[in-house]
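Heads up, the thing below is written out as structure tokens.
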Amino acid sequence: MQEGKPLNSKQVNRELLVSILNSPKWFFGALAVLGFIVLVAMSAAGFMINQGFGVTGLNRPVMWGFFITNFVFWIGISHAGVMLSAILRLSKAEWRRPATRAAEILTVFSLMTAMTMPLIHTGRPWRTVYWIYTLPFVPYDYARGIWPNIRTPLVWDPSAVYTYLTSSILFVLIALIPDFAVLRDRTTGISHRIYGMLAMGWQGNARQWKLQIIAGVLLSALILPVFVSVHSIVSWDFGMAVSVKSWHSTIFAPYFVVGAVHSGVSAVALVLIILRYIYGWQNYIRHEHIDALARLLIVVATGWFYFFVMEVIFGFYGREADEIAVRNFQFTVSPWNIWMMIFVGLTYFAPVAIWLSKSARRNLWIMSLACIIVNIGMWLERFLIIVPGLARKQLLTFDWYTYQPSPVEWIIIVGTFALVSMLMLTIARVVPLIPLYDIKEGEILRTEIKIGRVTVPAVFRED
Amino acid sequence: MWVFPDVTVMSREVAEKTKSSPKPFTIALVATGILFILGIVGFIARAADDGFGEIGPWGYYMAVFSMVFMVTGAAPLVSVAFRFTKSHWRRPLSRVSELFAIVGILNLLMFIPLMFLLPSIGNPEVAVGGELAVRRTIWFEGPIGAPHSWDLVGVIGVVVTSMFILWLSALPDMAECRHTATGFRRWLYSKLSGNWYGTKRQWNAQKAGLALLGAFYFMTLIFVQFLISSDYAQSLIPGWKDSIFPVIYTLTSLQMGFGAILVTLFIIRRWGGYEGYIGKSTFWSGSKVLLGITLLWVYHLFAFFLTFWYGRLEIEQNVIKYLVTDTYAIVFLFNLAFSFALPFAVLIWNPVRRSAWGPALAGALVIIGGIMFNIRIFVGAANAAPGSNLYQGFMEHVPAPVYPDIWDVLMVIGGIGAAVFVFLLATRLLPILAIWEVKEGALYQKWGKFLRGEYLILGKPE
Amino acid sequence: MAKEPILGLFETADNAADAGDALKAAGVPQTDYDFLTDTPYPEGAFGERHESHRLYIFPFVGALIGLTVGIMLTSMTQLAYPLAQGGKPILSLPPMAVVTYESTMLTAIVFTIIGIIFESRLPSFKQGLYDTRITEGYIGVLVNVDEGQLTQTQALLTQAGAIDVVRKEERLTA
Amino acid sequence: MVTKRADHKWGMVVDLDRCTGCQACVVACQAENNIPINVKSFYQQRRAYQWIRIERYWEGEFPNVKAKFIPILCQHCENAPCEPVCPVFATYHNDEGVNVQIYNRCIGTRYCSVNCPYTVRMFNFWEPSWPKSLRNQLNPDVTIRTRGIMEKCTFCVQRLRRGEVNVERRGLEPLTGERIPAGERTMNYRQMKEGNYLPACVQSCPTNALQFADQHDDSGPVKEYFEEANEQIETRHQGGHVDESHTRVYRLFEEIGTKPNVVYLKKVEPFPLEKA
């Protein structure tokens with residue numbers, strides 16, 4: 001299972017802290033470009049809020065468009081983190097080691113980005129304070145006794161997203177303490193102080209390590225249910241809408257969760273490949289890791305496909321005219337039918353065909369291509385669920401219409417992608433995206449078993 | 001600290017145990033045999049009372065068929081799945097799980113009457129507005145012979161595939177035992193194990209075959225469970241459109257299969273004298289999986305309930321009233337308690353999970369819960385819309401519950417007894433421990449010193 | 001008399017483990033020496049003392065608190081604001097279940113984090129002896145001994161293979 | 001908190017047999033409720049504000065083709081899908097059977113509109129504006145909505161309140177303006193009989209295709225229609241069968257179970273199209 005030559009701590013520190021201790025030349029240039037895109041997107045959003053929603057492509061039947069699609073997409077990406085770090089931690093998979101932290105941090109940032117979407121998509125964002133303060137603990141406005149309406153999925157959403165965001169941030173910080181200690185010992189001046197603060201005087205004695213390890217497992221077990229609930233609740237935004245026939249389907253919760261894992265894990269694989277490329281971490285993010293991710297993705301994708309087929313079959317099963325109308329719109333009306341074909345091809349058939357061949361799994365270029373098309377496909381999936389359902393709501397054919405996104409919406413969507421990349425790049429400058437101690441642990445635990453003439457790679461396990 | 005068995009002793013012992021039939025075993029065999037006969041009696045009586053015209057009276061029979069189908073279908077999947085992930089802890093349980101495939105034959109026999117019971121898609125008698133009344137099925141207008149014959153084909157496919165998996169994985173063991181065995185077993189083993197000499201080539205072929213068959217079996221099973229759950233449950237309640245139901249059905253089936261395996265493991269470990277060969281780690285990891293499935297089960301159930309509760313459509317209200325809150329409320333409560341609440345309360349504790357009895361107890365609970373699930377769904381489905389009501393748009397009013405009469409009781413206990421009976425016979429037929437897999441495991445696991453502590457060394461072949 | 005910390009730095013884990021044995025042989029109680037590493041070695045790798053903790057209580061307490069708070073919040077806000085909506089009951093249970101679940105998990109996780117920090121005795125900024133080489137892969141053996149025994153402890157560590165032994169006053173001067 | 005009012009349950013009856021699709025109701029609604037002028041681009045973008053709209057459907061093939069009109073307004077459902085999905089309680093069901101919208105609270109998530117099967121909820125995509133000449137036309141009783149919030153038919157609640165005030169305080173018939181005898185000037189709004197309070201659309205309908213009253217008010221035909229509609233639901237619940245050919249009364253999208261407070265009367269076909 002394990003490949004690559006053994007490494008000692010000095011080397012691990014030197015090579016993995018390269019992203020922090022000395023930043024490459026292109027760094028600030030890339031940051032500036034991304035920042036500019038984000039600025040443009042922000043000004044576009046400001047323009048939209050100032051002018052009103054007329055500047056978007058939304059209209060009366062189709063009241064939700066690109067923004068909600070993007071919201072669901074980024075929430076989906078955010079499911080990679082816990083999926084990988086938690087499930088792989090619990091199943092003690094050796095190849096998780098380099099992947100966990102990048103995944104968790106991607107979770108945090110994509111969640112933050114996702115949360116901006118519903119806010120700017122409201123008609124009066126300056127009033128959303130009345131809505132987004134619906135944390136489990138902070139219902140707004142005790143004084144006037146005006147409470148949030150907990151009957152709506154739009155209140156379940158913030159509570160779930162906040163829970164997920166809070167717990168993943170804390171999870172990341174706890175797992176970072178030992179690496180902060182490493183940085184504390186490597187830096188000087190103000191950054192030394194800050195890292196010292198964050199490391200909280202970590203010494204690395206037996207007790208601290210023991211609890212660190214337990215924390216990893218325990219927190220994973222606790223966050224997993226949250227991670228499932230978050231995307232289920234996002235899906236219930238649609239599932240609860242009884243008037244939109246194609247949304248009101250019981251399978252939506254697991255269907256969305258599996259789809260989220262599908263897109264999220266591919267996104268993590270992509271991030272890992274990019275990190276390996278820009279920081280030269282060939283010794284840490286090895287082909288075997290990407291390979292394992294791809295094999296995991298085959299299973300996830302097939303599960304997703306099962307749910308997709310269920311959803312479509314039972315869409316037709318009802319034989320209700322309004323639902324058939326939506327399905328017709330999706331599958332026969334151009335250009336939607338073309339988008340539909342592209343989406344199914346990109347999300348399932350093309351990538352799985354790629355992942356089935358070992359040589360392709362081991363080729364980073366093909367892998368990154370596969371991961372990108374999966375995410376394009378998943379973005380389309382959300383779009384093709386949301387818009388046709390609204391465009392063919394109910395049977396008052398007089399009101400049927402379609403949806404044409406406006407430039408403003410396009411700019412903002414692009415901006416979110418730039419924002420996430422910018423945040424990832426920035427954080428790579430501040431914390432190590434590959435957990436140092438996890439790698440070192442893997443190094444000391446690796447051993448091998450001799451069976452006859454062959455030596456099989458093996459690991460020490462505490463139980 | 002669990003020591004790995006001495007392989008030579010193991011193969012001899014296991015062969016011995018397979019031949020011998022101790023007293024408690026014989027008693028169990030006789031008891032379940034009597035239950036089997038009772039079940040047949042109940043079946044005949046039911047047929048004499050109501051014939052095969054209406055599906056209504058056969059609700060409990062559908063339920064018991066589905067129970068057996070769930071267990072026998074899902075159990076082999078366990079060994080298949082964890083052979084894919086190369087987990088060492090599955091080695092002791094793989095043969096137990098595959099032996100359930102033999103019970104599948106009984107399952108097939110039980111399905112044949114059901115095939116005739118299922119109402120046809122279109123009904124010429126009840127014509128609404130001059131045109132043929134058609135009920136909702138996943139077959140729509142349906143290919144020739146749908147749904148009956150296609151369901152039968154599916155069930156046959158599942159049983160046959162699982163039998164092949166069993167044969168392929170038992171091949172080396174039969175080859176090993178064919179010399180020591182005597183009489184019928186000797187004949188059987190030498191016939192089945194053919195020319196297996198354990199050459200490298202044969203081993204590779206066997207491994208590849210198991211992998212391929214496993215993947216195929218996985219898809220077949222999921223698909224057939226989708227067919228059964230929609231044809232025999234969902235489409236019998238007019239207007240019940242619930243896309244998550246096949247998933248819930250599959251999860252319940254996985255739960256039951258896993259539970260049955262854990263219970264069997266516990267029994268053979270405790271009283272069958274296999275203690276030396278079945279480590280605690282099997283139970284520990286198995287319990288984690290069971291806990292995961294249990295949580296998934298309740299999650300899917302809640303997704304179904306919440307969507308219908310929020311939807312407020314009339315049919316949705318009726319379905320909830322019928323299956324959850326009013327008509328079969330008691331059965332539903334038992335189902336929830338035994339499929340989720342109690343096993344969860346048992347499995348959440350780490351020491352319990354590390355024990356052998358904890359997972360087994362949870363497994364038993366889960367099986368009871370699954371029985372409740374089947375009664376709730378299938379008895380409900382069979383009696384939801386009698387006669388021509390089946391071809392209405394949707395179930396417009398909530399029917400009353402149907403309580404079992406004596407024949408139903410006989411059929412239920414008889415069906416379960418029969419399954420156990422067949423399984424007991426199967427254990428005499430083949431070694432219940434996968435000798436070659438445990439041997440292989442002993443190659444890749446050993447205890448080793450690291451500095452001052454001693455730890456388990458796990459090797460992953462690749 | 002007061003205990004003095006002394007820190008021996010070892011290049012290999014074996015030497016550190018030897019030092020541990022030597023200390024045990026010299027009769028130093030196990031509570032008085034500890035192994036500082038940059039890597040989570042498996043428990044008992046150095047034959048060090050078994051650390052007991054009560055971490056598992058925290059999530060349960062947190063979950064209970066979150067559960068009660070969630071139920072109270074959701075039910076009371078609904079009852080305090082009895083507006084009929086879409087024919088739903090004023091006290092709708094399924095939505096309550098969702099929000100309550102989230103609050104339960106949130107508190108459980110927050111309490112777990114608190115528990116981890118508390119149980120691993122952090123933050124401890126006034127740390128004893130420490131050496132930055134530990135995060136370079138060296139293994140530190142931190143011993144608390146009476147001032148009288150400092151020297152022979154130092155000797156013991158060095159002959160166990162310590163490449164360097166740090167003592168407080170040196171650290172102060174340095 | 002909602003103050004308990006008299007147990008009114010307002011309802012509207014739309015007689016499709018009388019509707020000529022003249023759009024008078026639309027214009028009246030526009031004028032009464034301060035709805036911005038629908039310019040051409042609004043229609044092209046499908047963003048026209050029409051609290052009540054006339055939907056036109058063609059029946060049959062050319063040459064023998066018929067235009068059918070159906071006025072669609074907020075159905076004020078008892079089980080309104082739009083209500084429970086609002087995170088800020090901006091819409092709820094008041095105890096007079098009216099589905100009310102609170103402009104101040106609305107933050108414009110547009111979930112209610114998404115979840116409305118009749119697509120009668122309007123979103124203010126632009127800041128509303130009127131030409132100078134129309135400044136004095138605006139109705140002082142009705143709020144002018146800002147951009148970014150939802151709005152919809154209110155059954156002209158301002159007229160309802162005005163009528164109540166007239167009845168109980170001044171003792172005047174809201175429409176005719178005659179005095180009500182002192183004995184009947186009670187504080188329980190019982191004077192709000194059919195006819196003495198009308199929404200703008202009903203008042204302006206030239207063919208009386210729209211009728212409006214309290215559903216318990218037996219002084220007019222409205223009550224009977226609602227009773228008939230409820231009977232149908234009851235018989236369905238009992239598992240009985242409703243003969244569609246013998247009744248004209250129906251509710252829009254009955255099967256969604258929204259229980260609208262607006263019932264429609266089917267069109268009677270004197271000269272049905274011959275099957276070509």
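By convention in this document, chain letters (A, B, ...) are assigned in the order of the sequence lines, proteins followed by strands, and residues within each chain are numbered from 1.
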Quick one: pull up NZ in A:K393 and OG in D:S113 and give me the separation to the nearest 0.5 Å. 5.0 Å
Counting heavy-atom pairs under 4.5 Å to chain A, which of D:C82, D:A48, D:G148 comes out on top? D:G148
Please say whether more than 12 non-hydrogen atoms of neighbouring residues, nucleotides or ligands are located less than 6.0 Å from CH2 in A:W400. yes
D:W130 atom CH2: more than 12 heavy-atom contacts under 6.0 Å: yes
Name the region of A:L58, side chain, backbone, both or neither, that has any atom closer than 4.5 Å to a heavy atom of chain D. both
Under 4.5 Å from any heavy atom of chain D, what part of A:W236 do you find: side chain, backbone, both or neither? backbone
Chain A heavy atoms under 4.5 Å from D:R47: which part of the residue, side chain, backbone, both or neither? side chain
If you measure from the Lys or Arg side-chain nitrogens to the Asp or Glu carboxylate oxygens, is any gap between D:R53 and A:D399 under 4.0 Å? yes
Is any side-chain heavy atom of A:R151 closer than 4.5 Å to one of D:F89? yes
What residue, out of D:E255, D:R147, D:E55, has the most heavy-atom pairs lying under 4.5 Å from chain A? D:E55
Toward chain D, the part of A:I150 with a non-hydrogen atom under 4.5 Å: neither
When D:I256, D:N124, D:T119 are compared by non-hydrogen pairs under 4.5 Å with chain A, the top option: D:T119
Atom of A:T152, atom of D:P87 and distance for their closest heavy-atom approach: CG2-CA, 3.4 Å
Would a 4.5 Å heavy-atom cut-off, applied to side chains only, mark D:I107 and A:W126 as touching? no
Region of A:Y403 in contact with chain D, defined by heavy-atom distances below 4.5 Å: neither
Would you call D:I149 and A:R124 a side-chain contact if the rule is heavy atoms closer than 4.5 Å? yes
Side chain D:R110, main chain A:V62, donor-acceptor under 3.5 Å: no
Could you tell me whether A:Q404 atom CD has more than 12 heavy atoms of other residues or ligands within 6.0 Å of it? no
Name the member of D:P117, D:P81, D:C106 that forms the most heavy-atom pairs with chain A at distances under 4.5 Å. D:P117
Region of D:F42 in contact with chain A, defined by heavy-atom distances below 4.5 Å: neither
Which of parallel (below 30°), tilted (30 to 60°) and perpendicular (above 60°) describes A:W64 and D:Y111? tilted
Decide yes or no for A:F398 and D:I70: does some side-chain heavy atom of the first lie under 4.5 Å from some side-chain heavy atom of the second? no
Given side chains that start at C-beta, do those of D:I72 and A:L396 come closer than 4.5 Å, heavy atoms only? yes
So, do A:M240 and D:N115 sit near enough that their side-chain heavy atoms are less than 4.5 Å apart? no
Just so I understand: if I count every heavy-atom pair under 4.5 Å between each of A:D237, A:D322, A:D157, A:I49 and chain D, which residue has the most? A:D237
Between D:V88 and A:N149, is there a side-chain heavy-atom distance shorter than 4.5 Å? no
Between A:R60 and D:M122, does a side chain to side chain contact (heavy atoms under 4.5 Å, CB included) hold up when you go through it step by step? CA-CA 7 Å; A:R60 197 166 71 240; D:M122 310 289 146; 3.8 Å; yes
Within the 4.5 Å heavy-atom criterion, are A:W247 and D:V114 side-chain neighbours or not? yes
The interface call for D:T146 against chain A, heavy-atom contacts under 4.5 Å, is side chain
So what's closer than 4.5 Å to chain A heavy atoms on D:Q44: side chain, backbone, both or neither? backbone
